[in-house]
Amino acid sequence: MARILITSAIPYINGIKHLGNLVGSQLPADLYARYMRARGNEVMFICATDEHGTPAELAAAKAGKPVEEYCAEMHEVQKELAAGFRLSFDHFGRSSSQRNHVLTQQFAGKLAENGYITEVSEKQVYSHADGRFLPDRYIEGTCPNCGYDRARGDQCEECTKQLDPTDLINPRSAISGSTDLEVRETKHLYLRQSAMRDQLDQWIDSKTDWPILTTSIAKKWLHDGEGLQDRGITRDLHWGVPVKKGTEDWPGMEGKVFYVWFDAPVEYIAATAEWADAQGMDESAWRRWWRLDEGAEDVRYVQFMGKDNVPFHTLSFPATIMGSGEPWKLVDYIKSFNYLNYDGGQFSTSLGRGVFMDQALSILPADYWRWWLLSHAPENSDSEFTWENFQASVNKDLADVLGNLVSRVTKFCRSKFGEVVPEGGEFGPQEAALIEELTTRIRTYEAHMEAMEVRKAASELRAIWVIGNEYLQAAAPWSVVKTDPEQAAAQVRLALNLIRVYAVISQPFIPDAAAAMMDAMGSTSWDWPVDLQAALQALPAGHAFTVPEVLFRKITDEERAEWQQRFSGIRN
RNA sequence: GGGCCUGUAGCUCAAUGGUUAGAGCAGGGCGCUCAUAACGCCUUGGUUGGGGGUUCGAGUCCCUCCGGGCCUACCA
């Protein structure tokens, strides 16, 4: 039994996430966590809301609420939705927690002690009307290069030229539109990532089994231009972790907070501590997952994220850990994903284009979405959601192949033998062949799951379901029963046991349907079918079962057309 | 501009440089009647984006052109 620490990139607090966000981190992380638990490993699966930063403050202001209150509410909303999608976090924390404040400040203190923090005095734009410093991209103006009048302070989206906010002609606040701006001198802390470049480079080089997507992004940042740059880790905001050197005040940093990307990854650790607190456990309960000197030596740590998060997880956060000089657990494997597009374009939170988590659950159960999203996960390149594809995949895979199999087996048994596992007959060559083929395929499925090859695992699982139908067709108990009821009984007994095995191995993908299958089989035995021969005898002759409700109803053409229309434009 | 990823059947995707490029869906044919008009079997379908090169051998490696996407460090 291994110990596996799994974290999903933490979703930002300012609204409900869309399906692209879900499939890029939380959902595959959940698949892996569920599989690893099913195999008997000790798993710690952590996620949280990422609550700090300018966008959170603006979203709260827009909602007319204090930012603390806004975040608390949105955290509950996201927590509920995660539960709705059956995301099996051991803890869903908050980056605004006291645990995170303390840990973030401790890391900063250690980094300062070890000489990895420098103070830099710089000029930033302050907006009197907004009462805040403005991040570069919150300043708009006319591009000096191409004349585009909505260029942002960091880059002109029209001509792609990199800009400095002071380059803009007629600059204004993107928040209020105010032109009452002032360049002010302000002091910030920088993390000296450049000083750790070689160490990070060697560390990345040692990760030869990581996805290309992960390592190529890291390499680019390490070697591009003058190499890895130092990074500002403080901001002039109110909402965040106050800048402190451990537990001490940081002279000159009064009123400033740490940059959200400095405190967000630390929340992985803090959320584990929050978990221990919620369980009423002591410090050692969470430290054994994170401290190499307190039991984490044998932990395997896997992170899941979309490609936009890769630089922070391959460079900034490891630099924070390495620079602390303390024995914190570094990530062992980073599984990163490309983007999911929506029907010919991008999902858009601002335009309300695409399907969002709450909307998805309002029209269909979680398993439908889980199955489609995971079986089409954007692992090698961006992939695309279309309603036609969704309807076809879900109807065929879930309703026809799996759902109908359960239905035909249970209903046939009920009509010929009653609602108990029938007695009599023996397994013959046909059954032996089935068991052999299934064993091979289950081993392949396990290998794909171990390797986090999500689409391949889904494809193999589907093939395993198909074999059940092939067997029934070949065995034809509905014919055999007329001449040899004992033989038909043995065939049906096998098929019923197959349903229980399918519930066990399908559970990581479709937990609700799996539970319904297990429940219908009157069993609570979720043991993984390491020995399939034995697993197919778990339900003995005479064992009672029930015929379940239809597991997956089909999506009609009318529904598909209506949803296609409803989610094409502006979110209501 | 630079870097990276990607282009394979109508659609979604496979294929350590090594037989005749494979699956699922869709299309066509046959079978079955237990089942959610479900299932099974057979089958049509390819100049692997274009061109050039390396090699005994290229979907795979190199060059070039074309298309799609991402990143480019103060949104997170």
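Chain A is the first sequence line, chain B the second, and so forth, proteins listed ahead of strands; every chain is numbered from 1. The figures here come from the full heavy-atom set of this structure, side chains too, leaving out hydrogens, waters and symmetry mates.
- Judged by distance alone, with hydrogens and angles left aside, A:E470 brings no side-chain donor or acceptor close enough to the base of B:C39 to form a pair under 3.5 Å.
- The distance from atom CG of A:L405 to atom C1' of B:C39 is 9 Å, rounded to the nearest whole Å.
- Comparing B:C13 with B:G69, their P atoms sit 15 Å apart, to the nearest whole Å.
- Judged purely by distance below 3.5 Å, without hydrogens or angles, the side chains of A:Q391 and A:D557 pair a donor atom with an acceptor atom.
- Nucleotide B:G7 forms a Watson-Crick or G-U wobble pair with B:C66, both donor-acceptor distances falling under 3.5 Å.
- Proximity note for A:D136 (side chain, C-beta onward) versus B:U12, B:U36, B:C74: the nearest is B:C74.
- Comparing the P positions of B:G1 and B:A58 gives an interatomic distance of 34 Å, to the nearest angstrom.
- Counting non-hydrogen atoms under 4.0 angstrom, A:D50 reaches the backbone sugars and phosphates but no base.
- Checking B:C34, B:U36, B:A73 against the side-chain heavy atoms of A:Q229 singles out B:A73 as nearest.
- Residue A:L213 is the one, among A:Y138 and A:L213, whose nearest nucleotide of RNA chain B lies closer to the 5' end (criterion: closest heavy atom).
- Considering only the side chain of A:K411, B:A35 comes nearest among B:C74, B:A35, B:C25.
- Ring centroids of A:F317 and A:F312 are separated by 6.0 Å or more, keeping the two rings apart.
- Counting only N and O atoms by type, the side chains of A:W465 and A:D397 include no donor and acceptor under 3.5 Å apart.
- Contact annotation: A:K396 reaches the phosphate of B:C39 (side-chain N/O to OP1 or OP2, under 4.0 Å).
- Contact annotation for A:K456: backbone-only contact, meaning every heavy-atom pair under 4.0 Å involves sugar-phosphate atoms and none involves a base.
- When distances are taken from the side chain of A:W221 to each of B:A76, B:A73, B:C74, the shortest belongs to B:A73.
- The residue A:E388 sits apart from the nucleic acid: no heavy atom pair falls under 4.0 Å.
- Side chain of A:K307, nearest nucleotide from B:G69, B:C39, B:G3: B:G69.
- Across all strands shown, A:V550 has heavy atoms under 4.0 Å from base atoms, whether or not it also approaches the sugar-phosphate.
- A:F390 has its CZ atom 15 Å from the C1' atom of B:U12, to the nearest Å.
- Phosphate contact (OP1/OP2 of B:C34, side-chain N/O of A:R414, threshold under 4.0 Å): absent.
- Across all strands, A:G53 comes closer than 4.0 Å only to sugar-phosphate atoms, never to a base (heavy-atom distances).
- When the P atom of B:G24 is taken as reference, atom NE2 of A:H376 falls 14 Å away, rounded to whole Å.
- The separation of B:U8 from B:G46, taken at their C1' atoms, amounts to 8 Å, rounded to a whole angstrom.
- Here A:V466 lies in heavy-atom contact (under 4.0 Å) with sugar-phosphate atoms only.
- In this structure, A:Y126 and A:F133 have perpendicular ring planes: the angle between them is above 60°, well past the 30° mark.
- Put simply, the side chain of A:E122 and the base of B:C74 share a donor and an acceptor less than 3.5 Å apart.
- Nucleotide B:A23 forms a Watson-Crick or G-U wobble pair with B:U12, both donor-acceptor distances falling under 3.5 Å.
- Among the nucleotides B:C39, B:A14, B:A76, the one closest to any side-chain atom of A:Q473 is B:C39.
- Computed from coordinates, the A:L496 CG to B:A35 P distance equals 15 Å when rounded to whole Å.
- Of all nucleotides present, none satisfies the Watson-Crick or G-U wobble test against B:G59 with each distance under 3.5 Å.
- A stacking contact between A:F412 and B:C34 is absent: the pair does not combine a ring-centre distance of less than 5.5 Å to the base's six-membered ring with planes differing by less than 30°.
- A:L551 comes within 4.0 angstrom of a base, heavy atoms only.
- When side chains are defined from C-beta on, A:H52 counts as touching A:S95, because their heavy atoms get closer than 4.5 Å.
- A:Y471 and A:E437 share no side-chain donor-acceptor pair at under 3.5 Å.
- When the P atom is compared between B:U44 and B:G22, the two are found 12 Å apart, to the nearest whole Å.
- Between the CD1 atom of A:I217 and the P atom of B:C70 there is a distance of 13 Å, given to the nearest Å.
- B:C11 sits 15 Å from B:A26 when the P atoms are compared, rounded to a whole Å.
- Applying the side-chain hydrogen bond (donor to acceptor under 3.5 Å, both in side chains) rule to A:D308 yields no partners; only residues at least two apart in sequence or on another chain are considered.
- Side-chain nitrogen and oxygen atoms of A:Y339 include at least one within less than 4.0 Å of the OP1 or OP2 phosphate oxygen of B:C71.
- Residue contacts for A:G227: at a heavy-atom cut-off of 4.0 Å it reaches a base atom on one of the strands shown.
- Checked by atom type, the side-chain pair A:S316/A:Q193 shows a donor-acceptor distance below 3.5 Å.
- The base of B:A38 lies outside donor-acceptor range of the side chain of A:N404, with no N or O pair under 3.5 Å.
- Following rounding to the nearest Å, A:W465 (CH2) and B:A35 (C1') show an atom-to-atom distance of 17 Å.
- Taking atom P on both B:A15 and B:C71, the two are 25 Å apart, rounded to the nearest angstrom.
- The residue A:S415 sits apart from the nucleic acid: no heavy atom pair falls under 4.0 Å.
- Partner assigned to B:C41 is B:G29, using Watson-Crick or G-U wobble distances below 3.5 angstrom.
- Both distances falling under 3.5 Å, in either a Watson-Crick or a G-U wobble arrangement, place B:G1 opposite B:U72.
- OP1 or OP2 of B:C74 has not a single side-chain nitrogen or oxygen of A:R137 nearer than 4.0 Å.
- Residue A:R455 has a polar side-chain atom (N or O) positioned under 4.0 Å from OP1 or OP2 of B:A14.
- The aromatic rings of A:F304 and A:F337 sit parallel to each other, their planes meeting at less than 30°, with 60° as the upper class boundary.
- Considering only side-chain atoms of A:R231, the nucleotide from B:C74, B:C32, B:C11 that sits closest is B:C74.
- Nucleotides B:A9 and B:G49 have their P atoms positioned 8 Å apart, rounded to a whole Å.
- Here the side chain of A:Y12 is nearest to one of B:C74, B:A76, B:C13, namely B:A76.
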As a quick check of understanding, evaluate side-chain contact (heavy atoms from CB on, under 4.5 Å) for A:K219 and A:D205, giving each step before the final call. CA-CA 9 Å; A:K219 283 289 181 184; A:D205 276 337; 2.6 Å; yes
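- Atom CG in A:L134 sits roughly 13 Å away from atom P in B:A76 (whole-Å rounding).
- Of the listed nucleotides (B:A76, B:U33, B:C39), B:C39 has the atom at the smallest distance from the side chain of A:R408.
- Atom name P, nucleotides B:G68 and B:U55: the rounded distance is 35 Å, in whole Å.
- Residue whose closest nucleotide on RNA chain B sits further toward the 5' end, between A:K220 and A:S459: A:K220.
- A sub-4.0 Å separation between OP1 or OP2 of B:A14 and a side-chain N or O of A:N380 is present.
- We find that CG of A:D308 is positioned 20 Å from P of B:C4, with the value rounded to whole Å.
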